[in-house]
Amino acid sequence: MRKLKPQSMHLVLAIALACLLMSAGTALAQDRIALYGHAGVAMPGGALSKMEGVGASVGGGIAVRVHRDLALRLGLDADMLEGRRLRSGEQAPGVNLHHFLVGAEWVFLRRDMPVVATATLGAGSTLLDVETFLVPQGQPGAGQTPLIRESYASVHAGVQIAYRPGRRVEFALGARAFRVFADEGETAAVATLSDEVEPLGAVWTFPITLRLNLWLF
């Protein structure tokens with residue numbers, strides 16, 4: 001696994017620093033801590049959609065409420081996509097994306113408690129893991145099993161509808177979009193599978209998940 005490019009690392013650090021500065025002036029008495037977990041489905045987009053089908057999405061993390069309508073989140077998500085059968089007859093390898101996230105969630109609609117609507121925005125690092133596969137005959141390096149496992153900067157955004165049946169428990173149904181800034185040169189081996197497959201430069205995933213928040217205090 002290679003290190004993040006300097007500009008990618010700067011983006012991640014800038015977002016994290018901005019989030020910390022936003023919370024610095026908030027009184028500790030206003031803070032609330034929650035653990036959360038979610039599960040659902042993930043749909044591929046961009047170049048990834050040419051070789052992958054719908055897969056599973058799971059994740060979890062910690063949230064800190066720094067204002068009545070603002071919470072900071074730190075988490076780890078995984079989108080596990082299933083390889084499709086290509087028109088060439090080749091079976092595309094599965095692709096797993098592990099997202100290390102920092103972000104903020106805002107309440108933008110609070111009309112009838114205990115139901116609220118929120119929006120999230122953040123950035124982080126994504127480990128792109130393409131399962132090993134055989135290079136088809138007739139392609140350079142035929143028979144080899146490339147290993148693609150690289151880290152890239154990523155951003156994400158989404159919306160959620162949350163319902164709180166009790167003081168400490170909250171359920172949220174949400175949809176998000178992840179944009180991973182992958183390098184086409186480092187993922188070019190997947191293009192040997194078929195003419196319909198492209199190097200993974202524009203990588204998107206769109207998870208739809210049900211989340212459980214457990215507010216500790």
Side-chain angles (χ1 to χ4, degrees), residues 1-4 8-9 11-16 18-20 33-49 51-65 70-83 93-107 117-131 148-163 169-183 187 200-216:
M1 182 182 71
R2 67 176 181 82
K3 295 182 178 180
L4 287 175
S8 299
M9 182 61 73
L11 172 64
V12 175
L13 292 177
I15 296 295
C19 291
L20 291 175
I33 307 296
L35 299 178
Y36 67 89
H38 55 82
V41 298
M43 295 172 288
L48 200 57
S49 64
M51 57 182 283
E52 298 299 303
V54 175
S57 180
V58 296
I62 187 170
V64 179
R65 189 182 302 283
L70 176 64
L72 304 183
R73 292 186 177 271
L74 179 67
L76 171 62
D77 289 7
D79 294 332
M80 297 164 286
L81 304 176
E82 295 289 337
V95 175
N96 300 316
L97 299 100
H98 302 278
H99 309 287
F100 303 87
L101 310 172
V102 60
E105 181 173 357
W106 293 270
V107 174
T118 65
T120 59
L121 181 66
S125 172
T126 294
L127 175 62
L128 176 66
D129 188 358
V130 180
E131 296 176 357
I148 301 175
R149 188 177 174 85
E150 301 287 348
S151 289
Y152 302 104
S154 59
V155 294
H156 66 277
V159 292
Q160 295 81 216
I161 299 294
Y163 170 71
V169 177
E170 181 179 62
F171 297 97
L173 179 64
R176 286 184 297 169
F178 284 91
R179 172 61 163 97
V180 182
F181 298 94
D183 188 314
T187 62
L200 303 179
V203 173
W204 293 83
T205 59
F206 301 96
I208 300 175
T209 59
L210 180 64
R211 187 176 74 200
L212 170 64
N213 294 330
L214 179 61
W215 294 97
L216 304 179

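Nothing fancy with the numbering, it's 1 onward along the sequence. As the structure is a computational prediction, the values presented were derived from the model and not from experiment.
In terms of heavy atoms, Pro44 sits closest to Gly53 at CD-O, 3.6 Å. Closest non-hydrogen pair, Ala172 versus Gln160, comes out as CB-CB, 4.4 Å. Closest of all the heavy-atom pairs between Arg179 and Gly201 is NH1-O, 3.6 Å. Across Phe181 and Tyr152, no two heavy atoms sit closer than the pair O-CD2, 3.3 Å. Of all non-hydrogen atoms in Leu97 and Val203, the two that sit nearest each other are CD2-CG1, 3.8 Å. Of all non-hydrogen atoms in Leu81 and Leu48, the two that sit nearest each other are CD1-CD2, 3.4 Å.
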Just do the side chain to side chain contact (heavy atoms under 4.5 Å, CB included) check on Leu127 and Arg149 with the steps written out, would you? CA-CA 7 Å; Leu127 175 62; Arg149 188 177 174 85; 3.6 Å; yes
Run Val95 and Asp129 through side chain to side chain contact (heavy atoms under 4.5 Å, CB included) and show every step you take. CA-CA 6 Å; Val95 175; Asp129 188 358; over 6 Å; no
Please test Val130 against Glu150 for side chain to side chain contact (heavy atoms under 4.5 Å, CB included), starting from the C-alpha separation and ending with a verdict. CA-CA 9 Å; Val130 180; Glu150 301 287 348; over 6 Å; no
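For the residue pair Thr120/Glu105, the side-chain donor-acceptor check at 3.5 Å is not satisfied. Side-chain contact annotation: His99 with Asp79, donor-acceptor N/O pair under 3.5 Å present. Side-chain atoms of Asp77 and His156 include no donor-acceptor pair closer than 3.5 Å.
Here the CG-CG distance, from Leu35 to Leu212, works out to 9.5 Å after rounding to the nearest 0.5 Å. Put simply, CZ on Phe100 and OG on Ser151 are 7.0 Å apart, with the number rounded to the nearest 0.5 Å. Taken from CZ in Arg65 to CH2 in Trp215, the straight-line distance is 4.0 Å, to the nearest 0.5 Å. For the atom pair Arg73 CZ and Tyr36 OH, the distance stands at 5.5 Å (nearest 0.5 Å). Here the straight-line distance linking atom CG of Asn213 with atom CD of Glu170 works out to 4.5 Å at 0.5 Å rounding. One distance of note links CD1 of Ile161 with OG1 of Thr118; it measures 7.5 Å at 0.5 Å rounding.
Cation-pi geometry between Arg176 and Phe178 is not met: the NZ or CZ atom fails to fall both under 6.0 Å from the ring centre and inside 45° of the normal. Taking the ring centre of Phe171 as origin, the terminal cationic atom of Arg211 falls outside the region bounded by 6.0 Å and 45° from the ring axis.
Side-chain contact between Met80 and Val58 is present, with at least one heavy-atom pair separated by less than 4.5 Å.
With hydrogens and angles ignored, the 3.5 Å screen pairs a side-chain donor or acceptor of Thr187 with a backbone N or O of Leu200.
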